[in-house]
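Notes for the one structure printed next.
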Amino acid sequence: MSFVRLIGAEARLIARRSYSSSAPTTKLFIDGKFVESKTNDWIDVKDPATDKVVTRVPKATPEEMKTALESNKRAFKSWSNTSVVSRQQVMFKLQALIKANMGELAKNITKEQGKTLVDAEGDVLRGLQVVEHCCSIPSLQMGETVANVARDMDTYSLVMPLGVTAGIAPFNFPAMIPLWMFPVAITTGNTMLLKPSERVPGATMLLMELLNEAGCPPGVVNVIHGQHDAVNFICDAPEIKAVSFVGSDTAGKYIYERAGRNGKRVQSNMGAKNHGVVLSDANKENTLNQLAGAAFGAAGQRCMALSTAVFVGEAQKWIPDLVERAKKLKVNAGHVPGTDVGPVISDASRKRINDLIESGVKEGAKLILDGRKITVPGYENGYFVGPTILTDVKPNMKCYTEEIFGPVLVILNADTLDEAISIVNANPYGNGTAVFTTNGAAARKFVNEIDAGQVGVNVPIPVPLPMFSFTGTRGSFRGDHHFYGKQGIKFYTQTKTVTQLWRETDVNHTQAAVAMPT
Ligand code: NAD
């Protein structure tokens, strides 16, 4: 196994213990070591395709969380003084190790999260791109200088780390989202206490093995597991200066408020309802394929999934063709070659999705493709929902007002582009949106007038690469600085502005200068 060959002797042993079926517990990662928790409280992680337990995740005890935080505090003293090029070197090595172990990481993601192997590789790749961006840290973390702000006086700014930071991640991107967090936090000189989703801890643990192998010192990143108690610990610990969160609205608002009340910086990426607006002058084939991929790919469990389509005018005639494309998608276990749509994360999630579909029907929407009763031969216990399409949806229906987070596309109609724009702008979320058109003026109008943070023009899922930032807005985000890119660097750093006077012959002031210097 390529993964095991690349890691050190100790981690190799742990990898075998952690991920063999005979001892399915997930460890904590504290001070560079994988540690068995002493808790009595465990959470089962089940393979969504089979309903079988893959691993058991501990709810870390208060002592374990304190130990982890102490380790982060200790490590900060030396790590923040490590040269920027040493931190860059760790990223270069991590980058190579992630690439070499892409397959292993993807397999783990498919097993715990359910998405297809190809999609799981994409999950790793989009996180890897953040690591690659962090390799430029010496130039990303540069301050500014103005010489001669007064006679013999210069002012310059230093971009300094904050201290111990924390990351709280969701289930839907087990590799990408932890990789939005810890690489940026640590290359800027911070340490990080990371809490991956208790539903998909494996990718983070594999990344920690790689981080060890890349030469990152113990305590720079520690990993605790758990749910509310771990989140509260992070929000309340005075030593933690900043919290990065990605997940649902409920948790995101709670964390933003609780950690904010405790004086921490918080960036909170939350839910979404992304609209694809289809104009009748669009390239039909391309648009319908893009729409089907973006609505049903990853079983709709992407925060940038196009879960809502607004067909404008004559484009409404294309809806039956969209249904035909959706019907062709193969629903199966994520590791089966050729699968397009894997299971959703849990049985509870499947029930929630099915209930929201039913609510749409009861409120008057038309269910023109129903994926609720699907069975997958060989995986009868899996949590599958097939591609589902509801048309004639109105903005007051529950299937529209709530994030479904499943392979369900809700379709609204509009007579004009203006009407479509008002529908999108009236929705409380602002993560992403897309317009499909061949008319440059219409596209330009859409880009200018639409109130969403990430806009695609003939691009269905416009997630920016890390030279930009992930800029969801309105109900999808709370905070001041976004994840990764220049804003990510800003989030994890503070500015120290130095004004210095050096003069060959010292000035002899005859009395104290009490007036404001000008
Ligand atoms: P979630 O909120 O249930 O879990 C995220 C994290 O918060 C987990 O680590 C979990 O342990 C913790 N948590 C859960 N409930 C909590 C609560 N009540 N109080 C405090 N902490 C809590 O989210 P999820 O179901 O894992 O992820 C799916 C959600 O994440 C969707 O809403 C999706 O849109 C959103 N998401 C947003 C983005 C984005 O960038 N905007 C990206 C990915 C996912």
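As the structure is a computational prediction, the values presented were derived from the model and not from experiment. Order of appearance sets the numbers: ligands from 1, and atoms from 1 within every ligand. Residues: numbered from 1 along the sequence shown.
One option in K253, M270, R258 has a heavy atom closer to atom 37 (C) of ligand 1 than any other, and that option is M270. Comparing S197, A169, A251 by heavy-atom distance to atom 5 (C) of ligand 1, the nearest is A169.
Between F29 and F34, the ring center distance clears the sub-6.0 Å criterion.
A salt bridge is absent between D44 and K46: the closest approach of a Lys/Arg side-chain nitrogen to an acidic carboxylate oxygen does not fall below 4.0 angstrom. In summary, E358 and R372 engage in a salt bridge, as defined by a charged side-chain N under 4.0 Å from a carboxylate O. Between R350 and D347 a salt bridge is recorded (basic side-chain N to carboxylate O distance below 4.0 Å). Taking a cutoff of 4.0 Å between a charged side-chain nitrogen and a carboxylate oxygen, D451 and R474 qualify as a salt bridge. Salt bridge E257/R478: present, at least one basic N to carboxylate O contact under 4.0 Å. Between K273 and E403 there is no salt bridge, since no side-chain N of the basic residue sits under 4.0 Å from a carboxylate O of the acidic one. Here D31 pairs with R74 in a salt bridge; the nearest charged N to carboxylate O distance falls below 4.0 Å.
The shortest N/O to N/O separation between G247 and ligand 1 falls below 3.5 Å. Residue H228 places at least one N or O, backbone or side chain, under 3.5 Å from an N or O of ligand 1. Annotation: E403 places an N or O atom under 3.5 Å from an N or O atom of ligand 1; distance criterion only. Note: an N/O pair closer than 3.5 Å links K195 and ligand 1 by distance alone. Among the atoms of F171, some N or O lies under 3.5 angstrom from an N or O of ligand 1. Ligand 1 has a nitrogen or oxygen under 3.5 angstrom from a nitrogen or oxygen of S248. Checked by distance only, ligand 1 and R199 come closer than 3.5 Å through their nitrogen or oxygen atoms.
In summary, the atoms of ligand 1 found under 4.0 Å from a heavy atom of I168, numbered by their order in the structure, are 6 (C), 7 (O), 9 (O). Below 4.0 Å from some heavy atom of N172 lie the following atoms of ligand 1, by number and element: 43 (C), 44 (C). For ligand 1 and P170, the ligand atoms under 4.0 Å from any heavy atom of the residue are 5 (C), 24 (P), 26 (O), 27 (O). Here is the list of ligand 1 atoms found below 4.0 Å of a heavy atom in F245: 2 (O), 5 (C), 6 (C), 7 (O).
Residue-level proximity to ligand 1 for F470 is carried by the side chain, the only part with a heavy atom below 4.0 angstrom. Only the side chain of N431 comes within 4.0 Å of ligand 1, counting heavy atoms alone; its backbone N, CA, C and O stay farther away. The part of E198 lying near ligand 1 is the side chain, judged by heavy-atom distances below 4.0 Å. With a heavy-atom cut-off of 4.0 Å, I177 touches ligand 1 through its side chain alone. Counting heavy atoms under 4.0 Å from ligand 1, residue N269 touches it through both backbone and side chain.
Protein heavy atom nearest atom 36 (N) of ligand 1, with residue, atom name and distance: C303 CB, 3.6 Å. When hydrogens are left out, the protein atom nearest atom 21 (N) of ligand 1 is V231 CG2, 3.4 Å; that is the closest non-hydrogen contact. Nearest protein heavy-atom neighbour of atom 28 (C) of ligand 1: F405 CE2, 3.6 Å.
Each of Y429, F311, Y400 was evaluated against H275; a single residue qualifies, Y400, per the ring pair (Phe, Tyr, Trp, His ring centres under 6.0 Å) test. For the side chain to side chain donor-acceptor pair (under 3.5 Å) test with S37, the passing option among E64, H225, K59 is E64; the others fail.
Judged purely by atom type and a 3.5 angstrom limit, S349 has no side-chain atom pairing as donor or acceptor with the backbone of I345.
Judged purely by distance below 3.5 Å, without hydrogens or angles, the side chains of D41 and T39 never pair a donor atom with an acceptor atom.
Judged by the 6.0 Å distance and 45° axis criteria, K486 is not positioned over the aromatic ring of F491.
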